[in-house]
Amino acid sequence: MTDLETSMATIIAVFQKYSEREGDKHKLKKSELKDLLHDELPDLMVHVKDQQTLDSLMESLDADGDSECDFQEFMTFVSVVTVCCHEFFQHEDE
């Protein structure tokens, strides 16, 4: 597999690893999302100081209002974080 194909497979595997823990295996409950973020993005989560910030993140990700995060909503989050990281490193190079 190419680097991009491997990265895509990894994102899918990480989502499934956490979404399969409880209930609907195609969606992340708030507790599953919290575990995923803490385990898989610890450097980002250092900046999340309270539960309200995490709740706000979950609400902003939950485009369909079902109180869960499906794969498309998760990918929106991954995309936004990736763009922010790209912009950060792009400005660092200047």
Side-chain angles (χ1 to χ4, degrees):
M1 278 199 290
T2 68
D3 289 346
L4 184 55
E5 290 170 330
T6 301
S7 297
M8 291 167 53
T10 300
I11 290 170
I12 292 167
V14 167
F15 180 86
Q16 291 174 340
K17 173 181 167 183
Y18 290 88
S19 67
E20 292 175 341
R21 292 182 175 180
E22 304 174 29
D24 187 342
K25 67 179 183 176
H26 302 289
K27 296 184 178 185
L28 294 165
K29 294 188 176 315
K30 189 184 292 186
S31 61
E32 293 169 328
L33 178 62
K34 181 179 178 182
D35 290 345
L36 184 154
L37 294 174
H38 281 285
D39 295 349
E40 304 294 335
L41 295 171
D43 293 338
L44 176 67
M45 292 306 292
V46 167
H47 302 287
V48 176
K49 302 295 184 199
D50 57 32
Q51 185 63 39
Q52 178 144 358
T53 303
L54 192 59
D55 290 344
S56 177
L57 172 62
M58 182 67 177
E59 283 179 31
S60 65
L61 291 177
D62 187 17
D64 62 7
D66 66 354
S67 297
E68 295 181 317
C69 180
D70 64 25
F71 187 73
Q72 184 171 345
E73 293 164 337
F74 175 70
M75 284 306 301
T76 299
F77 170 73
V78 170
S79 297
V80 168
V81 170
T82 304
V83 167
C84 290
C85 290
H86 174 72
E87 289 174 359
F88 174 79
F89 289 116
Q90 190 174 26
H91 290 299
E92 247 189 21
D93 292 341
E94 294 174 352

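Note that the structure is a prediction, hence the values are computed from the model and not measured.
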- Message: Would you say CE of M75 has more than 12 non-hydrogen atoms from neighbouring residues, nucleotides or ligands within 6.0 angstrom?
- Response: yes
inquiry  = Is there a path of hydrophobic side-chain contacts, each under 4.5 Å between heavy atoms, that joins L33 and I12?
reply    = yes
Parallel, tilted or perpendicular: ring planes of F15 versus F71, cut at 30 and 60 degrees: perpendicular
Exactly one of E32, E40, K34, K29 clears side chain to side chain donor-acceptor pair (under 3.5 Å) with Y18, and that residue is E40
Should we say atom CD of Q52 is surrounded by more than 12 heavy atoms from elsewhere, each under 6.0 Å from it?
no
task: Tell me, yes or no, whether the heavy-atom count around Q72 atom CD, taken from other residues, nucleotides or ligands under 6.0 Å, exceeds 12.
output: no
- Item | Same apolar cluster: L41 and V80, side chain cutoff 4.5 Å | no
Quick one: side chains of residues 56-64, donor-acceptor pairs under 3.5 Å with protein atoms, not counting sequence neighbours, listed by atom name and distance.
| from | atom 1 | to | atom 2 | distance (Å) |
| --- | --- | --- | --- | --- |
| S60 | OG | S56 | O | 3.4 |
| S60 | OG | L57 | O | 2.8 |
| D62 | OD1 | G65 | N | 3.2 |
| D62 | OD1 | D66 | N | 3.2 |
| D62 | OD2 | D66 | N | 3.2 |
| D62 | OD2 | S67 | N | 2.6 |
| D64 | OD1 | D66 | N | 3.3 |

Closest non-hydrogen contact found for D55 with K30 is OD1-NZ, 3.3 Å
d(E20 CD, H26 NE2) to nearest 0.5 Å is 9.0 Å
Could you see if L44 belongs to whatever hydrophobic cluster contains V78? Use Ile, Leu, Val, Met, Phe, Trp, Tyr and a side-chain cutoff under 4.5 Å. yes
| said: Between E87 and C84 (side chain of the first, backbone of the second, donor and acceptor by atom type, cut-off under 3.5 Å), is there such a pair? | reply: no
In short, H47 meets D43 closest at the heavy-atom pair CD2-O, 3.4 Å
Between the CG atom in L36 and the CZ atom in R21, the distance rounded to the nearest 0.5 Å is 8.0 Å
The side chain to side chain contact (heavy atoms under 4.5 Å, CB included) partner of K27 among E68, E22, E73 is E68
